[in-house]
Structures are given as structure tokens and as C-alpha cells.
Amino acid sequence: RASLDVAGGGAFSFADNAAVGSVSGTALLGGIRVAADKTLTVNDGADASYAGRLDGEGTLAKNGTGTLTVTGSSDIREIDVNAGTLALDRPFPFTVKGLVGYWRFEDGDNIGKDMLGGHDLSTVVGSSSSPMPTQVADGRKGSACRINRTSGTVGNALWGGEDLSSGTAPCTVSLWVRPDSGSSSTGYLIMRKNYGTGVPGSWQNGNWNNAWYLRFAADGKLQFVHGAWKQTNVNDGNSILTTIPTGTYKDGMWHHVAFTHDGAKTIRLYWDGALVGSKTLTAFSVGSFKFLIGSYEKNNGFSGDYDEV
């Protein structure tokens, strides 16, 4: 397909659906404009960079295996990433199709700020002996959130987003984590649980019906559990226990972790972009519960950094 290069004060407006191989240029005055309810699809498998203006009431769709880096200003209404990577160098004002919450930890005064708005996370105060979540400068992209747990105590975490329930519908949760080299072998990374009208505390508080959590079950083990609490490293109808590549846990490096639900009870776990486990569970439904970034549960302390949740 043809490539689109818009430089200087040039402008290109799409009044209908269109597809191009790649986009490039530095058109900061004119740029690329996509009309309302129309889609511009970028299909190139090679990497490309666009430093110009991107706006309109339409959608920019990213296909192909390459990375499209957008460094110019953008007021386009929607982004839809179907394949490859869309790299952005700043917080975005537009909507990413299907994205309902995005926490980048860039605001030191509001560490749990939702970049999409409306789903800010509050700090849970659980123990004076465990440090509060704090902002650190050397994140995966910009700043990050540090949660440093004290072993054997209730910890402090970020929680909220009770109106982000997905029910039985397809959903994806992804995050970057950097475990401390000296952190516990086990630790909850992110969870969603019904604590009723109270606040998190111990694993006995609230109930586990339609709850889920993702955790490190042991060195080199990643576990997803739905609808139950499992301290032991089990792999049954409610959970997936899988092995991640040797030496990649607690190595002081950033790692990408994600799980997906396909709408038909099948869960897939990913580690650094690679599928490491999948299973069709006996049931899957997510209630309207708050979720926690970092573990608030006792004796399961994860110490490390979070970014791009």
C-alpha cells in the first residue's frame, strides 16, 4: 500500500475510510485529519515515526507487526491497535478503543490518577510498618509506582475502580512490573475482590465469589485464580499455574505481565509478550468490586515497581 508523508505545513484530510502502508512526516501545522466515524488504517509491518499533528473525530487503526511512533500533538477521537505497537511519547487526550482504565503514575500528588479520567485509585492504609505507595522516576515509561512491602505485615496498596466490572465479557488486564531482587518468592500483583462496605485487610475479609487475582506463586511461577483463595500453588478448575522463563523473576528488570479472558471462560497468561499458559476455567465472571494494585493481604508481600497498568 502507498505510504503517506506529510511534512512542514502540509495537510491531508480523510473524509472516508482509508488504508495506508505507513505514515511519516513532521507536519505540525496541518497534519493528518480523519473525519467523524471514519477510520485511517496503517498496515505497514516496518517501524515508522510520525511527528506531525493528528486530529479529527475519526479513528486511527494500527495493523501490521511494526511499531508506529507518534510524537506530535494529537486530538484524534479514537485509537484502535489491532496488531503491532503504537508508541506514544506523552499522555494522550483521545480514547483508545476498548480501554477503560489507564494508570501511568505520572502525578506525584495523585499517584493513582487514571489517565482516562473517572477511575482514580486511592491509597489503602494498612500498616505503619509497610511504606506507602510512592512515585519513582525510573519507570518503564516516565515515572512508576513503588510498593515496598514489609514481610509478615498487612501492606499498603492502591485500590478503586469498582465500576469497571466486565462480567462475563472478554477483557484484558496488563501491567509492567519490576520485582525487587530481595522480594518474597510469592506476592499478589493485582486483584479484584468483594470487601463489602469495609476495606481490605486479611484474606478472610469479604468473600471471593467472582473475584480474581494474579500473583507470583513461587520463584518462576505465575498464577491466576478466579472465585477462590488459594495459598497453595495449585492448578485446578479455578486457576492456572504456569512457569515463566528461568531467571526472569527478581532480576531487577522490567517485565510485562498480562491476562486475557475470551468471553468463554478461557484465560491466557502472558509474560514479556509470550503466551506462557492457558486454560478454560469452570466459571468466569467479574463482579463490581474494587481492585488492588499491590497486595494488601498479609504474609504475601510483593516488593517492587508498577507501571503502565
Task: N/O donor-acceptor pair under 3.5 Å between N82 side chain and N63 backbone - done: no
TODO: Taking all heavy atoms of F216 and all of P179, pick out the closest pair and write down the distance.
DONE: CE1-CG, 4.1 Å
Open item on the list: If you define the side chain from C-beta out and look only at heavy atoms, does anything of L158 sit under 4.5 Å from L292?
Closed with: no
Open item on the list: Are the side chains of I147 and P133 in contact, using a 4.5 Å heavy-atom criterion?
Closed with: yes
Task: Lys/Arg N to Asp/Glu carboxylate O, R104 vs D114, below 4.0 Å - done: no
Open item on the list: Is there a side-chain contact between N238 and L281 in this structure, where contact means two heavy atoms from C-beta onward sitting under 4.5 Å apart?
Closed with: no
Task: Any side-chain donor near an acceptor of the partner, T242 and K221, under 3.5 Å - done: no
Open item on the list: Tell me the closest heavy-atom pair linking A15 and A35, and the distance in Å.
Closed with: CA-CB, 3.9 Å
Open item on the list: Set out, in order, the CA-CA distance, both residues' side-chain angles and the distance that settles side-chain contact (heavy atoms from CB on, under 4.5 Å) for V20 and T41, then state yes or no.
Closed with: CA-CA 6 Å; V20 297; T41 302; over 6 Å; no
Task: T282 and H226, any side-chain heavy atoms less than 4.5 Å apart - done: no
Open item on the list: Please check: side-chain N/O of D107 versus main-chain N/O of I111, any donor-acceptor pairing under 3.5 Å?
Closed with: no
- [ ] Assess whether ring-ring contact (aromatic ring centres under 6.0 Å, His included) is satisfied between W212 and F291, documenting all intermediate values.
- [x] CA-CA 9 Å; W212 58 256; F291 67 87; 7.4 Å; no
Open item on the list: Run the side-chain contact (heavy atoms from CB on, under 4.5 Å) test on T134 and F105 for me, step by step, so that the C-alpha distance in whole Å, both residues' side-chain angles and the decisive distance to 0.1 Å come before the verdict.
Closed with: CA-CA 9 Å; T134 57; F105 313 114; over 6 Å; no
- [ ] Would you kindly confirm whether W176 and F224 end up in one hydrophobic cluster when ILVMFWY residues are joined by side chain heavy atoms under 4.5 Å apart?
- [x] no
- [ ] Would you give the length of the straight line joining atom CD1 of I190 to atom CH2 of W159, rounded to the nearest 0.5 angstrom?
- [x] 14.5 Å
Open item on the list: D80 vs L60, test: side-chain contact (heavy atoms from CB on, under 4.5 Å). Steps then yes/no.
Closed with: CA-CA 6 Å; D80 186 4; L60 174 68; over 6 Å; no
- [ ] Indicate yes or no for a side-chain donor-acceptor contact from Q135 to the backbone of E106 under 3.5 Å, with no hydrogens or angles considered.
- [x] yes
Open item on the list: Can a donor-acceptor pair be found, under 3.5 Å and without considering hydrogens, that links the side chain of N43 to the backbone of G21?
Closed with: no
Open item on the list: Surrounding NZ of K113 (heavy atoms of other residues, nucleotides or ligands, distance under 6.0 Å), is the total greater than 12?
Closed with: no
Open item on the list: Assess, by modelled atom type and distance only, whether the side chains of Y102 and E308 contain a donor and an acceptor separated by less than 3.5 Å.
Closed with: yes
Open item on the list: When you group the ILVMFWY residues by side-chain heavy-atom contacts below 4.5 Å and let the links chain together, are I79 and L4 in the same group?
Closed with: yes
- [ ] Quick one: closest heavy-atom pair of L275 and L269, and the distance?
- [x] CD1-O, 3.4 Å
TODO: Scan side-chain atoms only and decide if D47 and T69 contain a donor-acceptor pair under the 3.5 Å cut-off.
DONE: no
Open item on the list: How close do V225 and S239 get, counting heavy atoms only, and between which atoms?
Closed with: CG2-CB, 3.6 Å
TODO: Determine whether V257 and Y270 make a side-chain contact, defined as any pair of heavy atoms from C-beta on separated by less than 4.5 Å.
DONE: no
TODO: Report yes or no: do D5 and S24 form a side-chain donor-acceptor pair below 3.5 Å?
DONE: yes
Open item on the list: Hydrogens and angles aside, do T172 and T260 bring a side-chain donor and acceptor to less than 3.5 Å of each other?
Closed with: no
Task: Residues which pass salt bridge (charged side-chain N to carboxylate O under 4.0 Å, His left out) with D138, listed by chain and number, not counting sequence neighbours - done: R178
Open item on the list: Could you check whether H255 and D272, counting side-chain N and O atoms only, form a donor-acceptor pair closer than 3.5 Å?
Closed with: yes
Open item on the list: Ignoring hydrogens, what is the shortest heavy-atom contact between V100 and H119? Give both atom names and the distance.
Closed with: O-CD2, 3.3 Å
Task: Shortest non-hydrogen contact from L121 toward N110 - done: O-OD1, 4.5 Å
Task: Nearest-0.5 Å distance that lies between atom CG in N17 and atom NZ in K38 - done: 5.5 Å
TODO: Evaluate side-chain contact (heavy atoms from CB on, under 4.5 Å) for V34 paired with T59, printing each intermediate quantity in order.
DONE: CA-CA 7 Å; V34 183; T59 299; 5.9 Å; no
Open item on the list: Can a donor-acceptor pair be found, under 3.5 Å and without considering hydrogens, that links the side chain of Y306 to the backbone of L189?
Closed with: yes
Open item on the list: A cation-pi test, strictly: NZ or CZ of R140 under 6.0 Å from the centre of the six-membered ring of W254 and no more than 45 degrees from its axis. Yes or no?
Closed with: no
Open item on the list: So, taking the atom named SG in C171 and the one named CZ in F259, what distance separates them when rounded to the nearest 0.5 Å?
Closed with: 5.0 Å
- [ ] Answer yes or no: is there a side-chain heavy-atom contact under 4.5 Å between F14 and I32?
- [x] yes
Open item on the list: Counting C-beta onward and ignoring hydrogens, is there a side-chain heavy-atom pair between D305 and V177 closer than 4.5 Å?
Closed with: no
